[in-house]
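One structure below.
From a predicted model like this one, the values you see are computed outputs, not experimental measurements.
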Amino acid sequence: MKILVTGFDPFGGESINPAIESVKKLPDEIKGVEIVKLEIPTVIGKSVDKIRKKIEEVNPDVVLSIGQAGGRPDITVERVGINCDDCRIKDNEGNQPIDEKVSEDGPAAYFSTLPIKAMVEHIKEGKIPASVSNTAGTFICNHVLYGVAHIQATKYPNMRTGFIHIPFLPEQVTDKKNMPSMALDTIVKALELAIEAIVENDSDIKVTGGKTH
């Protein structure tokens, strides 16, 4: 088994992105499974294209993408990606699509094919806060979640795909009042636990992960 884990470069004026920093610190093997790491640009189109090329190169069983969600206090495992690019800010190359489709020939949404609730529960068993998220936003994270799922649906039926959002690092919030953060080593441990759950669960567990709003 082989898992491709991707992380974004810094964006939005930040000098660091916990996504790629945590991916870099993952071990090369978890539960006997090879971990392939890939840095991707925070750029519409190019982010998914780089993942597509790596999929063609290494033929992974799973693609797990990691992104920063500044303001969220816990590890959030995404449930769904939508076919919409509606960027509140410009990406790293100045692109800012508004109400455009990620894929012209794709459906309205794709659900993650990873065991999202098992991942959340296993992270929580490791004493790290985690929850299911029902929106990945409409910026590059959602773009990648949806775009990679579209690749899977159209070309790689046996591959599984999904996305995890992680909080700011402490050093990113020294000038951001009342903003939650999480230590890098804690984030890395959470990702390891999430990957363990992926390896150990071909299908998801039946526990609540819903929200009222």
Side-chain angles (χ1 to χ4, degrees), residues 1-7 19 22-23 26-27 29-38 48 51 55 58-69 72-84 102-103 106-137 141-167 182 186-213:
M1 190 176 182
K2 187 183 300 180
I3 298 179
L4 172 61
V5 187
T6 77
S22 58
V23 169
L26 287 172
E29 184 178 293
I30 297 174
K31 289 282 184 179
V33 171
E34 180 184 354
I35 305 301
V36 180
K37 307 163 195 177
L38 179 69
V48 175
I51 296 172
I55 290 170
V58 303
N59 192 29
D61 300 282
V62 173
V63 180
L64 174 62
S65 297
I66 313 301
Q68 169 189 289
R72 293 190 186 181
D74 61 347
I75 304 294
T76 46
V77 183
E78 297 296 340
R79 189 194 298 264
V80 61
I82 62 173
N83 195 5
C84 179
V102 179
S103 175
Y110 284 112
F111 285 102
S112 170
T113 48
L114 298 181
I116 61 170
K117 293 181 178 180
M119 293 160 70
V120 166
E121 291 304 307
H122 197 47
I123 294 168
K124 288 163 65 177
E125 287 168 3
K127 308 302 180 186
I128 300 169
S131 61
V132 172
S133 166
N134 297 300
T135 175
C141 290
N142 175 78
H143 180 83
V144 163
L145 170 54
Y146 183 94
V148 176
H150 187 61
I151 293 171
Q152 180 272 323
T154 55
K155 291 189 177 182
Y156 300 92
N158 296 320
M159 188 172 73
R160 295 190 289 168
T161 68
F163 198 100
I164 295 176
H165 265 123
I166 59 177
M182 186 176 287
T186 303
I187 294 173
V188 173
K189 181 60 177 177
L191 297 184
E192 290 184 44
L193 291 167
I195 291 169
E196 287 180 5
I198 293 169
V199 174
E200 294 171 350
N201 293 270
D202 292 327
S203 58
D204 211 353
I205 60 176
K206 203 76 171 177
V207 296
T208 184
K211 292 179 173 65
T212 54
H213 54 80

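Ile187 CD1 to Ser22 OG: the interatomic distance, rounded to the nearest 0.5 Å, is 6.0 Å. In this structure, Ile116 CD1 and Ile205 CD1 are separated by 10.0 Å, a value rounded to the nearest 0.5 Å. The CD1 atom of Ile151 sits 11.5 Å away from atom OH of Tyr146, with the distance rounded to the nearest 0.5 Å. Taking CD1 of Ile164 as the reference point, atom CG of Leu64 lies at 4.5 Å (rounded to 0.5 Å). Rounded to the nearest 0.5 angstrom, Ile166 CD1 and Leu191 CG are separated by 6.0 Å.
Within a 6.0 Å radius of NZ in Lys206, no more than 12 heavy atoms belonging to other residues, nucleotides or ligands are found.
Side-chain atoms of Arg160 and Ser112 form no donor-acceptor pair, as typed in the model, at a separation below 3.5 Å. Judged by distance alone, the side chains of His122 and Glu196 do bring a donor and an acceptor atom under 3.5 Å apart.
A 4.5 Å side-chain heavy-atom check between Ser133 and Arg72 finds at least one atom pair inside the cut-off. Counting heavy atoms from C-beta on, the side chains of Pro60 and Met159 come closer than 4.5 Å. Between Val48 and His143 there is a side-chain heavy-atom pair separated by less than 4.5 Å. Glu34 is not listed as a side-chain neighbour of Met1, based on a closest heavy-atom distance of 4.5 Å or more. In this structure, the side chains of Ile51 and Ser65 come closer than 4.5 Å at one or more pairs of heavy atoms. Residues Thr135 and Arg79 have side chains not in contact (no heavy-atom distance under 4.5 Å, counting atoms from C-beta outward). When side chains are defined from C-beta on, Ile66 counts as touching Val5, because their heavy atoms get closer than 4.5 Å. No side-chain heavy atom of Ile55 sits less than 4.5 Å from a side-chain heavy atom of Gln152.
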*Applying side chain to side chain contact (heavy atoms under 4.5 Å, CB included), run through Glu192 and Leu26 and close with a yes or a no.*
CA-CA 7 Å; Glu192 290 184 44; Leu26 287 172; 3.8 Å; yes
*side chain to side chain contact (heavy atoms under 4.5 Å, CB included) between Val36 and Ile3, worked out*: CA-CA 6 Å; Val36 180; Ile3 298 179; over 6 Å; no
*Checking side chain to side chain contact (heavy atoms under 4.5 Å, CB included) for the pair Val199/Ile30: CA distance, chi angles, key distance, verdict?*
CA-CA 9 Å; Val199 174; Ile30 297 174; 5.5 Å; no
*Evaluate the criterion side chain to side chain contact (heavy atoms under 4.5 Å, CB included) for residue pair Ile35 and Lys2; output intermediate values, then yes/no.*
CA-CA 6 Å; Ile35 305 301; Lys2 187 183 300 180; over 6 Å; no
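Salt bridge annotation for Glu125-Lys189: absent, with no cationic side-chain nitrogen under 4.0 angstrom from a carboxylate oxygen.
For the pair Lys117 (side chain) and Val207 (backbone), a donor-acceptor distance under 3.5 Å is present. Thr154 contributes a side-chain N or O that, together with a main-chain N or O of His150, makes up a donor-acceptor pair within less than 3.5 Å. A donor-acceptor pair is defined here as one N or O able to donate and one able to accept, closer than 3.5 Å; no such pair exists between the side chain of Asn134 and the backbone of Glu78. Between the Asn83 side chain and the Val102 main chain, a donor and an acceptor come within less than 3.5 Å of each other.
For the side-chain contact (heavy atoms from CB on, under 4.5 Å) with Ile75, the lone residue among Val120, Thr186, Ile128, Leu193 that qualifies is Ile128.
Minimum heavy-atom separation, Ala19 to Gly67: CB-CA, 3.9 Å. Closest approach of Val23 and Leu38 over heavy atoms only: CG1-N, 4.5 Å. When all heavy atoms of Met119 and Ala197 are compared, the pair lying nearest together is CA-CB, 3.7 Å. Closest heavy-atom contact between Ala149 and Thr161: CA-OG1, 3.7 Å. Nearest heavy atoms, Ala130 versus Asp74: C-OD2, 3.5 Å. Across Val80 and Asn142, no two heavy atoms sit closer than the pair O-OD1, 4.5 Å.
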